[in-house]
Amino acid sequence: MDELDLDSMFPEPPRPPSPEPTISTYERDSAFVKGPEDWSAIDIRLVGDHPLWGHHLWNAARSFASYLDTNTPLYKNLNVLELGAGGALPSLVAAKNHAGLVVITDYPDDSLIDNIQFNISRNLNPSEHDRSFARGYIWGRSTDELLALAEEKTGRGSYDLIILSDLVFNHSQHDALLTTCESALTPSSPSPSSGSATVTPSVLVFYTHHRPHLAHRDMEFFSKAEARGWAVEKVVEERFPPMFPDDPGDEEVRSTVHGWKLTRPPP
């Protein structure tokens with residue numbers, strides 16, 4: 001079997017077919033909208049039925065967007081990379097909140113990458129658009145092209161924030177995701193002797209246990225990360241209405257979004 005076959009990389013039980021491409025709107029918390037110059041919403045076009053579930057705006061993405069809106073120092077004027085972006089809501093929030101560079105990736109399937117580009121064009125003004133790029137990328141593969149893009153656009157060939165939104169259910173891809181993060185993340189530096197604040201490069205991982213009976217498998221991502229030298233810290237736990245009310249398993253488990261921050265200690 002071809003190692004890039006989607007069914008082997010992303011095994012998921014079947015769900016009912018979804019409609020044609022649709023628009024879902026993320027409404028920004030009104031506390032951040034202080035004047036007409038501030039953005040208030042992002043419209044996300046979602047592809048039709050797709051084996052990688054790019055046709056859903058997941059609760060984790062909504063929670064991620066709110067977290068990024070509240071924690072802009074993590075990425076303002078810095079380089080951001082998203083893996084498995086789907087509709088790319090978290091990346092678009094980062095772009096609108098003055099990230100220096102936003103590279104939005106998903107599996108190199110034309111329908112996914114074209115849709116990300118559509119969402120970039122629909123939601124970003126010219127200056128934001130010029131700092132945002134959609135690219136196809138397979139987790140665990142060489143990051144040379146992604147690093148070269150960062151070097152070309154910013155003079156630094158690495159990323160200060162990596163976004164993983166609702167990806168840990170892909171249990172077979174945990175090591176590949178971590179390998180990419182290790183390759184692409186800016187190395188942490190010792191704290192400056194002057195005492196001035198610095199932003200520690202980090203990976204943010206938001207997800208829901210969509211299959212409660214496999215929650216322990218989702219959590220293996222973090223035990224693998226710790227074994228590979230990452231520091232792991234929980235930063236969010238937020239309840240949403242369940243996306244699929246008829247799915248089996250505890251509803252509270254299926255409706256809770258968890259967010260974690262991964263960092264690498266300085267050498």
Side-chain angles (χ1 to χ4, degrees), residues 21-47 54 56-106 114-135 149-150 153-154 156 159-166 186 196-207 235-241 243 257-261:
T22 56
I23 299 290
S24 288
T25 299
Y26 170 76
E27 299 284 350
R28 192 182 195 191
D29 188 321
S30 60
F32 295 106
V33 185
K34 297 180 172 60
E37 71 281 1
D38 295 324
W39 64 273
S40 60
I42 294 176
D43 292 329
I44 299 295
R45 188 179 76 172
L46 302 166
V47 298
H56 294 296
L57 184 59
W58 299 94
N59 289 335
R62 294 182 180 275
S63 180
F64 221 138
S66 297
Y67 183 83
L68 292 175
D69 223 3
T70 305
N71 293 275
T72 55
L74 289 171
Y75 57 88
K76 187 175 181 179
N77 300 319
L78 299 174
N79 295 351
V80 176
L81 172 67
E82 182 168 6
L83 304 179
L89 174 60
S91 285
L92 295 174
V93 170
K96 296 194 75 63
N97 286 346
H98 310 294
L101 172 73
V102 180
V103 177
I104 310 170
T105 72
D106 211 321
D114 290 349
N115 193 67
I116 291 171
Q117 189 60 57
F118 177 93
N119 286 331
I120 290 173
S121 299
R122 181 184 180 104
N123 291 284
L124 303 185
N125 66 36
S127 65
E128 296 161 352
H129 190 286
D130 290 345
R131 294 180 277 108
S132 304
F133 301 88
R135 293 290 187 270
L149 179 58
K153 300 301 180 181
T154 70
R156 292 192 305 108
Y159 294 86
D160 306 289
L161 175 65
I162 300 178
I163 293 170
L164 309 183
S165 182
D166 239 333
T186 300
S196 60
T198 60
V199 176
T200 301
S202 61
V203 178
L204 290 176
V205 185
F206 279 52
Y207 62 91
V235 294
V236 165
E237 187 168 296
E238 185 176 7
R239 182 84 180 269
F240 285 80
M243 293 193 64
V257 173
H258 307 271
W260 295 74
K261 179 191 287 187

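Numbering of residues begins at 1 and proceeds along the displayed sequence.
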Query raised in the report: Under 4.5 Å between any side-chain heavy atoms of Val203 and Lys261, yes or no?
Result: no
Query raised in the report: Between atom CH2 of Trp260 and atom CG of Leu204, what is the distance when rounded to the nearest 0.5 Å?
Result: 13.0 Å
Requested in this report: Please check if the side chain of Asn59 supplies one atom and the backbone of Pro241 the other of a donor-acceptor pair under 3.5 Å.
Outcome: yes
Report task. State the CG-OG distance between Leu92 and Ser132, to the nearest 0.5 angstrom. Result -> 7.0 Å
Requested in this report: State, with a plain yes or no, whether a side-chain heavy atom of Leu83 is found less than 4.5 Å away from one of Ile162.
Outcome: yes
Query raised in the report: Got Val80 and Tyr159 here, is their nearest side-chain heavy-atom distance under 4.5 Å?
Result: no
Report summary line: Shortest non-hydrogen pair, Leu124 vs His129, comes out as CB-N, 3.8 Å
Query raised in the report: Can you find a heavy atom in the side chain of Ile23 that is under 4.5 Å from one in the side chain of Ile44?
Result: no
Query raised in the report: When rounded to the nearest 0.5 angstrom, what distance separates CG in Leu81 from CD1 in Ile163?
Result: 8.5 Å
Query raised in the report: Any donor and acceptor pair, going by atom type alone, linking the side chain of Arg131 with main-chain N or O of Ala99 inside 3.5 Å?
Result: yes
Query raised in the report: Donor-acceptor pair, Asp106 side chain versus Gly86 backbone, under 3.5 Å?
Result: yes
**Report entry** Heavy-atom check, side chain of Leu89 versus side chain of Phe64, under 4.5 Å
**Finding:** no
Query raised in the report: Just wondering, do Arg45 and Asn115 contact through their side chains at under 4.5 Å, heavy atoms?
Result: yes
Report task. Test side chain to side chain contact (heavy atoms under 4.5 Å, CB included) on Leu164 and Phe206 and set out the steps. Result -> CA-CA 6 Å; Leu164 309 183; Phe206 279 52; over 6 Å; no
Query raised in the report: When you measure from the side chain of Ser63 to the backbone N and O of Val257, does any donor-acceptor pair fall under 3.5 Å?
Result: no
Report task. Grab the two heavy atoms, one from Ala85 and one from Ile104, that are nearest each other, plus how far apart they are. Result -> CB-CG2, 3.3 Å
Query - Where Gly87 and Leu46 come nearest, the two heavy atoms and their spacing - result: CA-CD2, 4.4 Å
Report task. Only pairs at least two apart or in different chains count here, so list each side chain to side chain donor-acceptor pair (under 3.5 Å) that has a residue in residues 71-95. Result -> Tyr75-Asn97, Asn79-Thr154, Glu82-Ser91
Requested in this report: Applying side chain to side chain donor-acceptor pair (under 3.5 Å), run through Tyr207 and Trp58 and close with a yes or a no.
Outcome: CA-CA 9 Å; Tyr207 62 91; Trp58 299 94; over 6 Å; no
Query raised in the report: Okay, side chain of Asn119, backbone of Ile116: is any donor-acceptor separation there less than 3.5 Å?
Result: no
Requested in this report: Applying salt bridge (charged side-chain N to carboxylate O under 4.0 Å, His left out), name anything that partners Glu128, two or more places apart in sequence or on another chain.
Outcome: Lys96
Report task. On the 0 to 90° scale, with breaks at 30° and 60°, tag the Tyr26-Trp39 ring pair as parallel, tilted or perpendicular. Result -> tilted
Report task. Decide yes or no for Pro201 and Leu161: does some side-chain heavy atom of the first lie under 4.5 Å from some side-chain heavy atom of the second? Result -> no
Report task. Decide yes or no for Leu74 and Thr200: does some side-chain heavy atom of the first lie under 4.5 Å from some side-chain heavy atom of the second? Result -> no
Query - side chain to side chain contact (heavy atoms under 4.5 Å, CB included) partner of Arg62, the single match among Pro90, Ser165, Ser24 - result: Ser24
Query raised in the report: Between OG of Ser66 and CD of Glu27, what distance do you get to the nearest 0.5 Å?
Result: 11.5 Å
Requested in this report: Applying side chain to side chain contact (heavy atoms under 4.5 Å, CB included) between Phe133 and each of Ile120, Val102, Leu101, report the one that passes.
Outcome: Leu101
Query raised in the report: Do side-chain atoms of Asn123 reach the backbone of Asp43 as a donor and acceptor pair under 3.5 angstrom?
Result: yes
**Report entry** Polar side-chain atom of Asp38 near backbone of Lys34 as donor-acceptor pair, under 3.5 Å
**Finding:** yes
